[in-house]
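Order of appearance sets the numbers: ligands from 1, and atoms from 1 within every ligand. Just the heavy atoms: all of them, side chains too, but no hydrogens, waters or symmetry mates, feed the values below.
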Amino acid sequence: MTTQNLIEKFESYFGTGSEPQLFFAPGRVNLIGEHIDYNGGNVLPCAIKLGITAVIRKNDSSTILMKSLYTKGMVKVDLNEEINPINGDWGNYPKGVIAFLLQNGIELSGCSILFYSTLPAGSGLSSSASLEVLTAYSLLKINNQKINPIEIALLCQKVENEYIGVSCGIMDQFSVAMGKKDCAILLNCQSLKYEYVPLQLNEYSLVIMNSNKKRELASSKYNERKLECDTVLNDLQNHYSIANLCEAQLYQLDFHIIDETLKRRARHVISENNRVNSAIDALQNNDIKQFGELLTASHLSLKNDYEVSGFELDTIVEESLKINGCIGARMTGAGFGGCAIALVATDVVDIFKEKVSATYYAKTNILPAFYESSIGAGVHELHSYQILKQVQDDISKPYSS
Ligand code: GLA
């Protein structure tokens, strides 16, 4: 898909007229610090070059019309009427953003939007955060409103929590809004203080692997984990002055938490937050092997204590770790299916993919997918000089399920 094709598609749905604007929002992978954001600790995500492009133009009406290249029909929002979600519809993400922008007193004109994605939906690479942040950014831009990426991230998190009904933390929306080329973001989710950490992996590459296991019950299980963590925090706060679960110590669990399941959930959170800090040390000391070991330890904790991985994600991680040259692997994102990452010696990446594909397929009967995606920037407008390059680099291979 070239820019020209994309604009032609846009015109085929919405007619010709003035030149539309193009915007891009990335997906993200979280390197380490999983299920930590809603517990107030440190996470280390980065924006990737796979993402969603919006082609957008004002339409002189009070209606926002939205078309995704992957679904039939169009989503229509009348700016003068109540904007209600429809169960299970992709349009709920942009609709929630429009509703919350209006609630915040932002004036929006009618427009037409075409969405084009290279990001596999529902695979743990934050396609929903990408769509939310992209909608907010594009609408603010075409309406000449002030842009504050952190405020956009917070608004989109609120959409997810209150309009979609998933009690997620801030990590995904923050990474999509604030990503920086070749850098991971060390973000403290309590204070929102952050710093960019250049990701130099020396002779290793980051491989993104899609287990292609669709996530099931993800949002209900996700909300259940959050409740479990809140329960432990409430109990501990009767004894200690802590603001969030990541401030607790492992020994405190032995003293005060009787329920074994709750103890394991909290053990994951506390140990994972410690692993993020160790991962930063490892990167600063240029110790990529240690970084890899921390990734694997993170997976085991998510598998055994937090119980959010599942057969397919465990299998793809285990099969990856069997290959010479793979020094660490873990699921990434919420879990319950979706993607994993592996750190693999660059010169064996092709062999790695071949072997993992074969053994994973033999055990699960599912073919995995691998994405070559380097670390890119957060949400931005595609200006004409960038468009050609961006299209060649990033949006030439659409995701098809
Ligand atoms: C999902 C949520 C994030 C975060 C991760 C797990 O991606 O949207 O807020 O909690 O799961 O780390």
Side-chain angles (χ1 to χ4, degrees), residues 25-48 50 92-93 96-97 119-133 150 153-179 184-190 192 194 208 210-211 215-230 244-246 265-266 268-273 275-276 279 294-295 298-299 301-303 305-310 313 330-341:
R28 66 98 190 87
V29 286
N30 186 19
L31 298 176
I32 193 160
E34 214 64 85
H35 288 276
I36 287 297
D37 56 356
Y38 54 86
N39 286 303
N42 290 336
V43 294
L44 191 66
C46 43
I48 55 178
L50 298 171
N92 292 341
Y93 298 102
V97 170
L119 207 53
S123 64
L125 300 179
S126 285
S127 52
S128 50
S130 177
L131 185 53
E132 290 155 1
V133 170
I150 297 183
L154 287 166
L155 178 126
C156 293
Q157 182 200 11
K158 202 165 166 228
V159 169
E160 192 86 38
N161 294 165
E162 295 173 18
Y163 196 86
I164 306 291
V166 178
S167 318
C168 72
I170 187 64
M171 173 174 78
D172 300 349
Q173 289 79 8
F174 195 98
S175 336
V176 171
M178 295 290 290
I185 311 170
L186 173 61
L187 170 68
N188 180 274
C189 300
Q190 178 83 34
L192 293 194
Y194 66 96
I208 304 173
N210 192 344
S211 70
R215 293 189 296 177
E216 282 154 14
L217 293 175
S219 53
S220 59
K221 292 265 184 212
Y222 184 95
N223 290 349
E224 183 185 293
R225 292 295 178 278
K226 173 152 189 334
L227 269 178
E228 289 169 335
C229 292
D230 290 348
N244 60 57
L245 196 50
C246 289
R265 303 294 189 248
H268 164 71
V269 172
I270 299 169
S271 64
E272 180 77 352
N273 192 52
R275 276 187 290 274
V276 176
L294 289 160
L295 297 192
S298 165
H299 183 82
S301 176
L302 288 156
K303 173 186 174 194
D305 281 349
Y306 218 62
E307 294 182 286
V308 289
S309 58
L313 280 173
R330 62 181 287 271
M331 52 156 272
T332 186
F336 314 103
C339 283
I341 51 173

Would you say Ser298 and Arg330 are linked by a side-chain donor-acceptor pair, where the criterion is simply a distance under 3.5 Å?
yes
Any donor-acceptor N/O pair, Gln190 side chain to Gly41 backbone, under 3.5 Å
no
Could you list the residues that satisfy ring-ring contact (aromatic ring centres under 6.0 Å, His included) with Tyr306, not counting sequence neighbours?
His35, His268
With a 4.0 Å heavy-atom cut-off, what residues sit around ligand 1?
Arg28, Glu34, His35, Asp37, Tyr38, Cys168, Gly169, Met171, Asp172, Tyr222, Gly333, Ala334
On a heavy-atom basis, the closest approach of Val269 and Cys229 is CG2-SG, 3.9 Å
With sequence neighbours left out, the residues meeting side-chain contact (heavy atoms from CB on, under 4.5 Å) with Ser127 are Leu119, Ala121
Which residues pass the ring-ring contact (aromatic ring centres under 6.0 Å, His included) test with His299, not counting sequence neighbours?
none
